[in-house]
Protein chains: 2
Amino acid sequence: MMETPLLLTSFLKRVEKYYPEKLVISRTSPDTIHRIPYKEYVKRTRKLANALTSLGMKRGTKVGSFAWNHHRHLEAYFAVPCAGAILHMVNIRLSPEHIIYVINHAEDEILLIDGDLFPLLEKAIPYLKTVKHIIIMQDNMEIPESSFPNVHSYEKLLAESSDDFNFPEDLDEHTPAGMCYTSATTGMPKGVVYSHRGLVLHSLALGLSDSMGLMERDVVMPIVPMFHVNAWGMPFASVLYGCTQVLPGPGFTPSLILDLIQEEKVTVTAGVPTIWLGVAQEQEKNPRDVSSLRSVVCGGSASPKGLIKTFEEKFNVPFIVGYGMTETTPIVSLSTYTSSMDEWTPEEKLNIRATQGITVPLLDTEVVNEAGIVPQDGQTMGELRIRGPWIADEYYKDERTSEAFKDGWLYTGDIAVVTKEGYIKITDRTKDLIKSGGEWISSVDLENALMTHEAVFEAAVIAVPHEKWQERPLACVVLKEGKQTTKEELISYLEGQFAKWWLPDDVVFMNEIPKTSVGKFLKAKLRDELKDYQVKS
Amino acid sequence: MMETPLLLTSFLKRVEKYYPEKLVISRTSPDTIHRIPYKEYVKRTRKLANALTSLGMKRGTKVGSFAWNHHRHLEAYFAVPCAGAILHMVNIRLSPEHIIYVINHAEDEILLIDGDLFPLLEKAIPYLKTVKHIIIMQDNMEIPESSFPNVHSYEKLLAESSDDFNFPEDLDEHTPAGMCYTSATTGMPKGVVYSHRGLVLHSLALGLSDSMGLMERDVVMPIVPMFHVNAWGMPFASVLYGCTQVLPGPGFTPSLILDLIQEEKVTVTAGVPTIWLGVAQEQEKNPRDVSSLRSVVCGGSASPKGLIKTFEEKFNVPFIVGYGMTETTPIVSLSTYTSSMDEWTPEEKLNIRATQGITVPLLDTEVVNEAGIVPQDGQTMGELRIRGPWIADEYYKDERTSEAFKDGWLYTGDIAVVTKEGYIKITDRTKDLIKSGGEWISSVDLENALMTHEAVFEAAVIAVPHEKWQERPLACVVLKEGKQTTKEELISYLEGQFAKWWLPDDVVFMNEIPKTSVGKFLKAKLRDELKDYQVKS
């Protein structure tokens, strides 16, 4: 067989040849939506490659992006790796200290920054050690005042650049294409490098009928940010398959998301549960036409069953839960049905939807504890480990590599069970698991159950120290606007569903659960705040 | 990223874990249909690997198969390559001379032969130089009498073997997995070797929504033989996705094919046009319920438009034309629609269906003539060339490699045009093209048009020598049972559709068009028979 390398470059060639008129729909401000045919998009991508090359980008150069989801970011998604360089997608929600760290650690030489995000980064500039050029991405050619010498306008650079650029087709497929950093429990974020091979295979996985099944006639809207694990691979796969892309830009709200779904007839969209909780509330208040949607994909943290039910039963939209991490490019599994479930009851099907799903082809997942691989019984807990061609094998120049990567596997730090059908169900993070009297209690199961209560908006369950049982569960609950309930009512609501010793010892009502930059519950902070909590009983 | 190799082995692990109860439905004789759950299938595959190993199979050993489509052949499809050896699928329709050549040339050490095919091979046995063991595949444990010393019963070997076999997971993904020989115009057949990497990527391509879109809930029936280019990759992909497989066994007829579609609720099936012509005739006479079919895939040679129309309009079954060769694993392109065609007229859509389709992801196709890459105008002819990760780069130990493989491309010997939408339309084989007065005439276009005439069953158009124009087209026509027409009527039928100088100079009516072992028109034979033909006019 030919030694043709698996390169993102082939995606650009394909979209230009077969889907030149299909659109990238890019919202860059509340008033501006660009509608760019792929043939124009590919030209602009080649111009960007020329512009970056003229500023010193070579094979292996790190180019940072600090940007929302829009067509310029998508241009960088291809111009940088297809030229043999590496796009470092910086998470704009990191703390200034972490932003400085990741840019210096990756050794970014050029930064592509959204005009409206420049103020966020401005104070960090004096601490950046390797950055030589900053390029401002916005609709006009203005550049902000800055003491930094080399600040360029993206549109001016493109206007001055040729659209003739030969992306090399002879790169080794293991060449790094992109990188993202993932927050660590303690210490600085950890870097993950994505290769062309990994991204190409991941894009194929997203096109499989039994996974996301992305296809040419899809209109794909990634709500998940492009600075977060390749926006779950959708921008890459959409170019490969010629899907219309809707990139929602800055400052999107539930209302805007629903407007875009209705106006652009979005068929597939994806984001974290927090987003869909907001969208569900808005849709119940002001319904839009969402009949174009064939699938909403939800990941990043556990999806409450009530949310899944709302989308599937009230809005008639399949709601697919996915699982992945920064270390996994990220798609590992999706809660799609198999034909054996056709005759199941709605409740049984909902239980499957609420799992993290079935592992996609080419990846291998195992849940292991001291006794080895756990049985597929839906009960025995163990740690989830993963291997496969789009799974990282290290943290970039980081000694913490050995904590997660062992014996050819990525150890996820997630506690899971495996259902009879082989579906993964995350029950906890290793560090969030509640160890009561030598037994394990899943905080996530309790949270999901609490969040199906009609008065509960959000719930986090954490371990608090206990003299006799070592740890006991404590529920932290945020109520829906205008709703009320009591500790007693919530505990009795849980009673039928769990063993008695699983029930939280107490319920704390609060206004907000602290969250990470990507919307996950920050349980470490909760535990810290509540470490001296004494159960009143 | 992890260096996980792309191996067929991962398919077996997957089907055993996620789809243990799904079925391989295998017809081994007119009275016998086996229904084997995948969990049992994988066990038998491991037993086969043990049995073959005990007979001397090592990494790199060539194991030949000489068999119909059934579960034992499917067991060999995985047991041999997953153990690191190479399955040589021998085309049972080759001449005895060619069969001897390919088995000796590949250096097969073990042969897996269907009991009912043994007589076909028996006389060849004394000429086989490398074969040490012959294994008879049939439902019972009998073995035929033979002067060859080591003839074994497949089922007896399996009964005596352990189902514990560790398929290696550390093979290089470029390791050869299979091989097939393709007939040459002159001389002995040419061998093509398939690697694990190529077969894995090809299997992914078959699962993409925009190609065949194979998925778990499909019931896949390959009519194309498993001794012919990996049965177009369907057996491999079906195991990967956990599809139910229906393997129709020996001596199938149009009537049997329709019975299986109806009884097993087949959703996808594939074969050459000759098969579907027969099936269409049978379905018109004795209609079965074919409503389970979501797609019939047709390839191997050009599909007459009338046939496509019959399936799509009369039977309401999408009829997808594909293109591929032994050298291409084989899927290169499929005539699926894109969303831009939604509003097209039925005639325009039929024209697209009748092309060889749009190239699947990861492959690169170009049509080139002396002026370079031809424009996408649907008119300019050139030779089709292909490259990509499941395209061969040589003929196995064969000097003819340099005839087809040049500058990193496979030159197909097919003359094609490219439509505005980028779809490939084969207009001829290089050697079948009619060169009249310095211009090219497509024999395939004329044939397709003739075959839409209500009296015509089959038509082949060939070049006959001509004093003034060098070559002129001659139509060879087989009429449908009970139908009649004349030369004049057929020529006038073509008149509106082609330039005057394209029209055949004459029509010869015959009882049968000579065909190759895989059902393609044998035009070389026709040309030879008619080389002295004088146009009567």
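Chain A is the first sequence line, chain B the second, and so forth, proteins listed ahead of strands; every chain is numbered from 1. It should be emphasised that the depicted structure is a prediction, and the values quoted were computed from it without experimental measurement.
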Tell me, side chain or backbone of [X] under 4.5 Å from chain B's heavy atoms, or both, or neither?
X      : result
A/T336 : neither
A/R387 : both
A/L7   : neither
A/P20  : neither
A/I386 : backbone
A/V418 : neither
A/Q376 : side chain
A/T419 : neither
A/D218 : neither
A/E216 : both

A/Y395 and A/F405: aromatic ring centres closer than 6.0 Å?
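So the answer is yes for these two rings.
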Using ring centroids (six-membered ring only for Trp), state whether B/F78 and B/F236 fall under 6.0 Å.
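That pair passes the under 6.0 Å test.
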So A/E16 and A/K39, salt bridge (charged side-chain N to carboxylate O under 4.0 Å, His left out) or not? Walk me through it.
CA-CA 5 Å; A/E16 195 175 27; A/K39 65 181 171 188; over 6 Å; no
With chain A, which of B/K17, B/R197, B/E421 has the greatest number of heavy-atom pairs at distances under 4.5 Å?
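Most heavy-atom pairs under 4.5 Å with chain A: B/R197.
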Name the option with the most non-hydrogen atom pairs under 4.5 Å to chain A; the candidates are B/S209, B/G198, B/G422, B/S195.
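It is B/S209.
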Which atom of A/I352 lies closest to which atom of A/Y423, heavy atoms considered:
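Closest approach of A/I352 to A/Y423: CG2-CE2, 3.8 Å.
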Please determine, among [options], the option with the most heavy-atom pairs under 4.5 Å with chain B.
options                      : answer
A/T328, A/L363, A/D342       : A/D342
A/L240, A/V193, A/L214, A/L6 : A/L6
A/G388, A/G213, A/P5         : A/G388

What part of B/Y19 lies closer than 4.5 angstrom to a heavy atom of chain A: side chain, backbone, both or neither?
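For B/Y19, side-chain heavy atoms alone lie under 4.5 Å from chain A.
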Side chain, backbone, both or neither: which part of B/V360 has a non-hydrogen atom closer than 4.5 Å to chain A?
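Answer is backbone: N, CA, C or O of B/V360 sit under 4.5 Å from chain A.
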Show, in sequence, the C-alpha distance, side-chain angles and deciding distance for B/T359 and B/T365, and conclude whether the side chain to side chain donor-acceptor pair (under 3.5 Å) test is met.
CA-CA 7 Å; B/T359 305; B/T365 56; 2.8 Å; yes
Given side chains that start at C-beta, do those of [X] and [Y] come closer than 4.5 Å, heavy atoms only?
X      : Y      : value
B/V42  : B/V15  : yes
A/S333 : A/I358 : no
B/D377 : B/K420 : no

Under 6.0 Å from the ring centre and within 45 degrees of the ring axis: does the NZ or CZ of A/R353 meet both conditions for the six-membered ring of A/Y337?
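Yes, A/R353 and A/Y337 form such a contact.
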Heavy-atom contacts under 4.5 Å, residues 201-208 of chain B to chain A
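Hits under 4.5 Å: B/L201, B/L204, B/G207, B/L208.
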Any salt bridge between A/D364 and B/K13, counting N to O under 4.0 Å?
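Yes, charged N to carboxylate O under 4.0 Å.
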Exercise: do A/Y38 and A/Q245 side chains pair donor with acceptor under 3.5 Å:
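A/Y38 vs A/Q245: donor-acceptor pair found between side chains.
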Using ring pair (Phe, Tyr, Trp, His ring centres under 6.0 Å) as the criterion, list what pairs up with B/Y396, not counting sequence neighbours.
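Once residues adjacent in sequence are excluded, the partners of B/Y396 under the ring pair (Phe, Tyr, Trp, His ring centres under 6.0 Å) criterion are B/H105.
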